[in-house]
Protein chains: 2
Amino acid sequence: MTHKKHITLESIIAKHYDALPTAERKLADTVLEFPGELAAYTATELAEIAGVSKAAATRFFKRLGFNHFEEARRLARDSKNWGSPLYLQSKDEQPQSADQRIAHYLDEEQQNLRKTYHSATLSELDVICEQLVKAKRVWLLGFRNSHYIASYARWQFIQFRSDVHLLPANAGETMAEYIADLRPDDMVIVIGVRRRVDPLINIMQAIKQTKAPILYLTDPTAGKTSAYARWTIKIPVSSSFLFDSYTALMSFTRLLAIETFRVSGESGRKHLKNIERIHDTLNEFE
Amino acid sequence: MTHKKHITLESIIAKHYDALPTAERKLADTVLEFPGELAAYTATELAEIAGVSKAAATRFFKRLGFNHFEEARRLARDSKNWGSPLYLQSKDEQPQSADQRIAHYLDEEQQNLRKTYHSATLSELDVICEQLVKAKRVWLLGFRNSHYIASYARWQFIQFRSDVHLLPANAGETMAEYIADLRPDDMVIVIGVRRRVDPLINIMQAIKQTKAPILYLTDPTAGKTSAYARWTIKIPVSSSFLFDSYTALMSFTRLLAIETFRVSGESGRKHLKNIERIHDTLNEFE
DNA sequence: TAGTCAATGAAATTAAAATTTCAGTAGAGT
DNA sequence: ACTCTACTGAAATTTTAATTTCATTGACTA
């Protein structure tokens, strides 16, 4: 095993600690109190916190063996991000080992999740959920990949409210009949991540004309389609691997269900209880 | 509205995100990629990473409402120490604000993902993927919730290999016929997260007798069922919210597909190309 | 007591980062 | 084709941080 040990700022300080003069020892103590946080502070701030002069700070890092403060800051910062492979290698080259690939994959997944839940559009969530409770009937629509998500979303909603339906996934005649039947007090959740099929835009337009409000779950590449939706939520699906990742989308539909359930209050809770009972009964016979 | 909101850099960015011009959006993406780490970088470095000019960086932070970059850096540094909401409040009390609930939710999702990919069982991944490539036919089986995952997983696999089938989700006669047809050079992926249905164990037993190897994707509550599987991978689904979370499970099936594709090499690549072509053609007419 | 020497911080200097200016450009509207 | 307008990055400028200088201190030694 020839790998060079992972040098940390802490270990370097420890090595010199005994030989440090008073002012610099104060600095050392200060730095050690903010483990890994050094990079977030300037040398001047550090000096202030430690109650010593700026000159002392400069000398301190020189004595530790750095050429200048910037080097120490780099070390502190980089030894922290050591774990995240996403930034270690340039984005286009393939990770070598399975471990690396998996770490990279995990990283991307987490990032998509974070982006999803930091999105500003979530401020509308309350209103959307209320609408989902108020709506007489809820319709879910999704083609292709989006269809899988739509059907799973439906399953979640029928846990606590009735009249939640999946619109048929075949374009054409049948779809038109369903749309004709939509009413303003219905609500439609359209799931349309890329690759979107061409007729989606027409269908959404048709739905809009029925005055049934549309919640449109899509990805950041959505174009004009969102014009027909009352609410549009963009969920990142991009991935440097094969296929887009619907992980965040799945996650979000569940959040939507959870929040809607919360808003629905008593009536939803009752429904859920019923379902639970039915499940238990089914289990005995299945 | 009097509740004090926990303002984070992320939430501020999210609020402005849609209105940002290209260069500044690149910066936004870059910042979001370094959660909480902003304080460790200078505006210049940020601009370099994002591939935009320093001027853009200055404008970016001004647009977000800061007086200067230093303010943003301060916020990032200080709000980092707020820590993750998961540990801030005791588990049983409900988070108050929607923001908090969402943060908590995100935290759980990420944790499930991390647990999934840090699991030791992943060492078998190579072997599993090879088997998935070698297998004459691949069968996917899942009841109830697991059925949604199974059907999505199938869709991913048919992108690059043929003969991938969904076993019917209705217990009873039909299932028996399919199982009787299984051969040792087939492979079966059983998805069985709770609540598992009773007959699953019998079905898995029956499959085992056909000598077709079983990859069993389940959750940590799996009991004796795993006895019949050649490989068992436990994926956490637990959640303090309503319903279990299949986010990590979805994510994992995609990884499985990706890695299998990688192993399959040329033949898979060819198949994928065909599919791409067919998709494009379909798009024109749909 | 005088002499040496490391240590120290205030202030001067230098280096670097952030901001502003400005000229060029792309896009929307007429 | 022509305006407007908003966006952009290179370069100039300003601001801020880091380093160096230097005079002073105090501790130790002869």
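Chain identifiers are assigned alphabetically (A, B, ...) following the order of the sequence lines, protein sequences preceding nucleic acid strands; residue numbering begins at 1 within each chain. Values reported hereafter were calculated over all heavy atoms of this structure, with side chains retained and with hydrogens, waters and symmetry mates removed.
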message: Can you see whether A/Ser245 engages A/Glu109 through a side-chain donor-acceptor pair at a distance of less than 3.5 angstrom?
response: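 Yes, a side-chain donor-acceptor pair sits under 3.5 Å.
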message: Does either side chain, that of B/Tyr117 or that of B/Asn112, offer a donor lying less than 3.5 Å from an acceptor on the other one?
response: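 Result is no, nothing qualifies.
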Please give, in whole Å, the distance from [N] [atom2] to [X] [atom1]?
X: B/Arg25; N: D/dC7; atom1: CZ; atom2: C1'; result: 14 Å
X: B/Glu24; N: D/dC7; atom1: CD; atom2: C1'; result: 8 Å
X: A/Arg74; N: C/dA16; atom1: CZ; atom2: P; result: 11 Å
X: A/Leu27; N: D/dA18; atom1: CG; atom2: P; result: 12 Å
X: A/Glu71; N: C/dA16; atom1: CD; atom2: P; result: 12 Å
X: A/Arg59; N: C/dA10; atom1: CZ; atom2: P; result: 11 Å
X: A/Phe60; N: D/dA18; atom1: CZ; atom2: C1'; result: 15 Å
X: B/Leu38; N: C/dA18; atom1: CG; atom2: P; result: 10 Å

Taking OP1 and OP2 of [N], is either one under 4.0 Å from a side-chain nitrogen or oxygen of [X]?
X: A/Lys62; N: D/dT20; result: yes
X: A/Arg63; N: C/dA7; result: yes
X: B/Thr22; N: D/dT8; result: yes
X: B/Thr42; N: C/dA17; result: no
X: B/Lys54; N: D/dA11; result: no

Nearest to the side chain of [X], heavy atoms from C-beta on, is which of [options]?
X: B/Pro21; options: D/dT20, D/dC7, D/dG9; result: D/dC7
X: B/Ala43; options: C/dG9, D/dG9, C/dA18; result: C/dA18
X: B/Phe69; options: C/dG9, D/dT8, C/dT19; result: C/dT19
X: B/Thr58; options: C/dA18, D/dA17, C/dA7; result: C/dA18
X: B/Ala23; options: D/dT8, D/dA18, D/dT21; result: D/dT8

message: Please verify the inter-ring angle class for A/Tyr246 with B/Tyr152; under 30° counts as parallel, over 60° as perpendicular, anything in between as tilted.
response: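 Because their plane-to-plane angle lies in the 30° to 60° range, the rings of A/Tyr246 and B/Tyr152 count as tilted.
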- prompt: Only one of A/Leu46, A/Leu27, A/Thr22 clears side chain to side chain contact (heavy atoms under 4.5 Å, CB included) with A/Val52; which?
  reply: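 Of all the options given, the one that passes is A/Leu27.
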- request: Could you pick out which residue, B/Glu70 or B/Leu20, lies toward the 5' side of DNA chain D when each is mapped onto its nearest nucleotide?
  value: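 Looking at the nearest nucleotide for each, B/Leu20 comes out on the 5' side.
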- request: Using the six-membered ring of A/Phe243, assess whether NZ or CZ of B/Arg254 lies under 6.0 Å from its centre and within 45 degrees of the ring axis.
  value: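 Judged by the rule, B/Arg254 and A/Phe243 form no cation-pi pair.
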